[in-house]
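All remarks here apply to the structure that follows.
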2 protein chains.
Amino acid sequence: MDKFDSKILRLLIQNARITGADIARKINLSLPAVTERLRKLGRSGIIDSYTIRVNREKLSLHLMAFINIWIDHTKNTNVKDQITAIDEVLECHHVAGDYDLLLKVLVSDTAALENLLVNKIKAIKGITRTSTTIILRSYKEEINSKAF
Amino acid sequence: MDKFDSKILRLLIQNARITGADIARKINLSLPAVTERLRKLGRSGIIDSYTIRVNREKLSLHLMAFINIWIDHTKNTNVKDQITAIDEVLECHHVAGDYDLLLKVLVSDTAALENLLVNKIKAIKGITRTSTTIILRSYKEEINSKAF
DNA sequence: CGTGAAATGATAGGAAG
DNA sequence: CTTCCTATCATTTCACG
């Protein structure tokens, strides 16, 4: 991971569909050199995968929320597997704190949120309590760290 | 957004560097048809941008945390602009709840977290209180919703 | 690093729902 | 009117020397 690799990663984060030739031009390296570096970055696992960002508003997914979950650990059910299988759950983190799991969920509206909570999340055995925080607005939502 | 567009989006989420020809083969459409749909998805704004997912472990960014922030609104400083400018801040959400802002941050270790809190976040005028929750492990971390 | 074969992408013209 | 296809041409990618 030298300076060139960092630059390549930054360019890819801005637009993963950029061509190798374009990268070569921008960082002043020959195309074969860039191709080789891309292969290495892929093989080394630094590049996890290529994806797109979809506009959630345009897909009518307007409501995002965080849900804290308390788990009764005496009931040894695998809550996390059931949680992560839910489509609306974007993230599921095990945290060190008052509660056990923190979810980020994305739904179309409050009705869908209610349905998610009542029929999907609270239906899972072992969950003793939940607490939901609605997101009013997201000022920043990065996929990747720029800190490299 | 018909069935074909949905399929194209799914394929792109799996690998944004997939070629148009490959998409055409997989969904049984000609290449020009796929090209035209990609253009439309871009123009309509459903595709926000193309990016990569980088492996944070490989970049030695091991520590993720959520930080709740309370703001004194009588001091009319634009806290959010200063917060979102910080590289380590991956997300910044304005929430409806006890506190005002919820941040997701990514750093290398606890020393970096301390530095972030003391020198960058708490240095911002208008922030009255913070509360940090360390993420032990992430079971799921999706960029995009699969719910379309 | 350059070169050429192979794959990919863009475009035009035309047909069908 | 929109969406699709075939065919052709320009461009990019990739592997080899």
Side-chain angles (χ1 to χ4, degrees), chain A residues 1-62 87 106 108-109 141-148, chain B residues 1-59 142-148:
Chain A
M1 268 285 301
D2 62 0
K3 199 184 60 178
F4 286 121
D5 286 335
S6 283
K7 285 186 181 175
I8 291 175
L9 283 181
R10 278 174 203 274
L11 288 171
L12 285 173
I13 287 173
Q14 284 166 33
N15 178 18
R17 275 183 95 83
I18 192 173
T19 61
D22 264 329
I23 295 175
R25 261 191 296 277
K26 297 203 182 195
I27 67 176
N28 274 330
L29 230 58
S30 72
L31 176 53
V34 169
T35 307
E36 187 51 37
R37 278 168 184 273
L38 282 174
R39 251 196 291 273
K40 256 187 211 162
L41 285 169
R43 266 203 308 270
S44 72
I46 290 178
I47 293 178
D48 240 23
S49 61
Y50 296 93
T51 63
I52 60 169
R53 280 178 73 93
V54 299
N55 188 312
R56 293 159 179 173
E57 295 289 326
K58 292 275 164 65
L59 288 171
S60 298
L61 295 167
H62 299 286
D87 265 354
L106 179 66
S108 52
D109 50 33
E141 202 176 357
E142 290 288 325
I143 303 171
N144 302 294
S145 166
K146 290 185 184 167
F148 57 82
Chain B
M1 269 285 300
D2 61 1
K3 198 183 61 179
F4 285 122
D5 286 335
S6 284
K7 285 186 181 174
I8 290 174
L9 283 181
R10 278 174 203 274
L11 287 171
L12 284 173
I13 287 173
Q14 285 167 32
N15 178 17
R17 271 184 99 81
I18 191 174
T19 62
D22 262 329
I23 295 174
R25 266 190 293 276
K26 296 202 183 196
I27 68 176
N28 275 330
L29 230 58
S30 72
L31 174 55
V34 170
T35 305
E36 188 51 38
R37 280 169 182 274
L38 282 174
R39 254 197 290 270
K40 258 188 208 162
L41 285 168
R43 266 202 308 270
S44 72
I46 289 178
I47 293 178
D48 242 23
S49 62
Y50 296 92
T51 64
I52 60 169
R53 280 178 73 94
V54 299
N55 187 312
R56 292 159 179 173
E57 296 290 327
K58 292 272 164 66
L59 289 170
E142 290 287 326
I143 305 172
N144 302 292
S145 166
K146 291 186 181 164
F148 57 82

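The figures that follow rest on heavy atoms only: side chains count, while hydrogens, waters and symmetry mates do not.
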What is the distance, to the nearest angstrom, from the CD1 atom on B/I23 to the P atom on C/dA10? 11 Å
Nearest whole Å is fine: how far is D/dC4 C1' from B/E36 CD? 11 Å
Determine, stepwise, if the pair B/I23 / B/L29 fulfils side-chain contact (heavy atoms from CB on, under 4.5 Å). CA-CA 8 Å; B/I23 295 174; B/L29 230 58; over 6 Å; no
Distance in angstrom units between B/D2 CG and D/dT2 P, rounded: 15 Å
Please test B/D22 against B/L11 for side-chain contact (heavy atoms from CB on, under 4.5 Å), starting from the C-alpha separation and ending with a verdict. CA-CA 10 Å; B/D22 262 329; B/L11 287 171; over 6 Å; no
Among A/N15, A/L12, A/T51, exactly one meets side chain to side chain contact (heavy atoms under 4.5 Å, CB included) together with B/Y50. Which residue is that? A/N15
Could you tell me whether the side chain of B/V54 reaches within less than 4.5 Å of the side chain of A/L41, counting heavy atoms only? no
Atom pairs under 3.5 Å, N or O on each side, protein against nucleotides 5-8 of chain D: can you list them with distances?
{"unit_1": "D/dC5", "atom_1": "OP2", "unit_2": "B/S30", "atom_2": "N", "d": "2.7"}
{"unit_1": "D/dC5", "atom_1": "OP2", "unit_2": "B/S30", "atom_2": "OG", "d": "2.6"}

Starting from the 5' end of DNA chain D, give me the residue, B/F4 or B/R17, whose nearest nucleotide shows up first. B/F4
Tell me: NZ of B/K3 to P of D/dT3, nearest whole Å? 15 Å
Return the value, rounded to whole Å, for the distance between atom CE of B/M1 and atom P of D/dT3. 14 Å
Under 4.0 Å: is that the gap between some side-chain N or O of B/R37 and OP1 or OP2 of D/dC4? yes
What's the CD1-C1' distance between B/I8 and D/dC4, to the nearest Å? 13 Å
Rounding to an integer number of Å, can you tell me how far B/R39 CZ sits from D/dT2 C1'? 15 Å
Just by modelled atom types, is the B/I18 backbone N or O under 3.5 Å from a matching donor or acceptor in the A/R17 side chain? yes
Distance, rounded to the nearest Å, where B/I27 contributes CD1 and D/dT3 contributes P: 14 Å
Would you say B/K40 places a side-chain N or O within less than 4.0 Å of OP1 or OP2 belonging to D/dT3? yes
Could you please name the option among D/dT3, C/dT8, D/dA15 that lies closest to any side-chain atom of B/R25? C/dT8
Short side-chain to backbone donor-acceptor contact, B/D2 and B/D5, under 3.5 Å: yes
Under the side chain to side chain donor-acceptor pair (under 3.5 Å) test, which residues partner A/S60, sequence neighbours left out? none
